[in-house]
> 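The following block contains the structure, expressed as structure tokens.
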Amino acid sequence: MQNKIKTVQQHILDEERMHPGATGDFTALLTTLTLAAKIISREVNKAGLVKILGETGEVNVHGEAVQKLDEFAQQTVCRAMGHNGHLCVMASEEAQNIIPIPDGSTRGKYVLMFDPLDGSSNIDVNACIGTIFSIHHKITKDHEDGSLEDCLQKGSDQIGAGYFIYGSSTMMVYTTGNGVHGFTLDPSLGEFLLSHENIRTPARGKIYSINEGNMHFWDAGTRRYIEHLKEDRKDRGHPYSLRYIGSLVADFHRNLLKGGIFLYPGPKGKLRLLYEASPLAMIVEQAGGAASTGEQRILDIQPTSLHERVPLIIGSREDVEQYNQFYKEAQKSAAD
Ligand code: P6P
């Protein structure tokens with residue numbers, strides 16, 4: 001049966017109709033986000049032509065070189081979302097502190113946290129990059145402006161999460177808690193059209209994604225698990241294949257569709273909880289997968305700071321659960 005022709009706006013509206021009390025604010029919020037993504041996609045796709053490759057010479061709050069497209073994506077999201085009247089506060093990988101809604105703009109009841117252009121070190125080699133977003137309800141009551149407290153919420157309290165991936169085509173993948181749905185941008189129409197309805201990730205994959213260059217920093221559980229994946233075992237046949245692009249959205253998206261496990265292990269991890277791990281964890285769980293630090297479910301973590309890092313083990317449920325076993329057994333034998 002041919003895919004129904006449906007834009008992401010129509011899909012969001014259909015989902016909204018499932019919530020009788022819905023006011024349409026969330027639909028407007030997501031729709032504005034797709035506008036920002038279309039603008040970023042246009043710039044990403046012509047980056048090589050207009051010399052916006054390379055670095056601005058500045059560094060971001062984490063001391064990482066800021067690529068010009070990073071800056072453009074940050075500004076685009078802020079300019080589009082700051083005035084749409086549905087947000088009370090924003091937070092971004094590219095900003096040290098919370099981003100207040102501009103003076104004169106209406107404050108809303110939602111919180112948006114985002115990584116404007118993840119994987120930006122891949123920009124000038126034309127590899128896949130992405131924008132990741134997480135949406136919460138405002139929880140503070142004292143005034144209309146949102147605060148840091150509104151940002152430091154558990155991933156399990158997200159009301160929406162998703163990403164845009166700028167690759168051979170630009171896609172949007174999102175969830176509001178009713179399954180995971182993918183939309184592909186048709187540049188000739190300027191519309192994201194439904195292409196992957198109700199994505200389910202395989203219970204077990206044959207792909208693992210990890211930066212093997214960090215092997216000597218891994219804990220014993222991670223080392224044993226990765227060695228286990230490489231064994232040619234009768235009960236499993238061919239060992240897993242290593243696929244690692246070094247761009248979280250790209251590695252996550254491939255494994256979501258094909259099955260597999262992505263690992264950026266501890267002790268502290270590199271990836272950010274609020275605008276990388278939590279949104280992807282909501283997506284993967286909605287698609288039947290799992291996301292943990294090895295010790296606890298990502299969505300159960302109570303954030304304590306805006307840019308905190310966590311170990312991230314995410315993908316096919318059986319693969320993640322097996323990793324958790326290896327990790328915990330190694331922790332236990334180290335303690336004995
Ligand atoms: P490493 C990109 O810089 C990023 O933040 C993620 O997109 C990616 O998964 C990770 O870092 C890659 O890190 O240490 O393997 O280069």
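Please read these numbers as outputs of a predicted model, since none were measured by experiment. We count residues from 1, following the sequence as given. Counting starts at 1 for both ligands and their atoms, following the listed order.
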> Check each atom of ligand 1 against the heavy atoms of Tyr244 and keep those under 4.0 Å away; list them by number with element.
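The list of qualifying atoms is 1 (P), 12 (C), 13 (O), 15 (O).
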> Would Glu329 and Arg224 satisfy salt bridge (charged side-chain N to carboxylate O under 4.0 Å, His left out), going step by step from the backbone distance to the final call?
CA-CA 10 Å; Glu329 279 159 20; Arg224 288 180 199 147; over 6 Å; no
> Does any donor atom in the side chain of Thr176 or Glu15 lie under 3.5 Å from an acceptor atom in the other side chain?
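Looking only at side-chain atoms, Glu15 and Thr176 do form a donor-acceptor pair, the distance falling under 3.5 Å.
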> Within ligand 1, which atoms have a heavy atom of Asn211 less than 4.0 Å away?
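Near Asn211, the atoms of ligand 1 are 1 (P), 14 (O), 15 (O).
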> Side chain to side chain contact (heavy atoms under 4.5 Å, CB included) with Leu273: which of Thr304, Leu152, Val310?
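Looking at Thr304, Leu152, Val310, the match for Leu273 under the side chain to side chain contact (heavy atoms under 4.5 Å, CB included) is Val310.
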> Could you work out, with salt bridge (Lys or Arg N to Asp or Glu O under 4.0 Å) as the rule, every residue matching Lys332, not counting sequence neighbours?
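Salt bridge (Lys or Arg N to Asp or Glu O under 4.0 Å) list for Lys332, sorted by chain: Asp336.
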> Which of the atoms in ligand 1, numbered in the order shown and given with their element, are less than 4.0 Å from a heavy-atom of Asp118?
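Those of ligand 1 that fall under 4.0 Å from Asp118 are 5 (O), 6 (C), 7 (O).
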> For ligand 1, does Phe262 get within less than 4.0 Å through its side chain, its backbone, both, or neither, judged by non-hydrogen atoms?
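Side chain only; the backbone of Phe262 stays clear of ligand 1.
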> Please list the nearest protein heavy atom to atom 14 (O) of ligand 1 with its residue and the distance rounded to 0.1 Å.
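Going by distance alone, atom 14 (O) of ligand 1 is nearest to Tyr264 OH, 2.6 Å.
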> Relative to the ring of Tyr174, is the ring of His11 parallel (under 30°), tilted (30 to 60°) or perpendicular (over 60°)?
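His11 and Tyr174: perpendicular rings.
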> Backbone or side chain, does any N or O of Ser247 fall under 3.5 Å from an N or O of ligand 1?
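The answer is no, given that Ser247 and ligand 1 share no N or O pair closer than 3.5 Å.
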> Under 3.5 Å between any N/O of Leu248 and any N/O of ligand 1: does that happen in this structure?
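Yes, since at least one N or O of Leu248 sits under 3.5 Å from an N or O of ligand 1.
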> If we only count N/O pairs under 3.5 Å, is Asn214 in contact with ligand 1?
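N/O-N/O distance under 3.5 Å: no.
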> So that I can tick it off, tell me whether Lys4 and Glu197 are bridged by a salt bridge, with the cut-off set at under 4.0 angstrom between side-chain N and carboxylate O.
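A salt bridge links Glu197 with Lys4.
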> Does anything in residues 148-169 form a ring pair (Phe, Tyr, Trp, His ring centres under 6.0 Å)? List the pairs, not counting sequence neighbours.
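For residues 148-169: Phe133-Phe164, Tyr163-Phe252, Tyr163-His253, Phe164-Phe192.
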> Return the residue, atom name and 0.1 Å-rounded distance of the protein heavy atom closest to atom 3 (O) of ligand 1.
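Answer, as residue, atom name and distance: Lys270 NZ, 3.7 Å.
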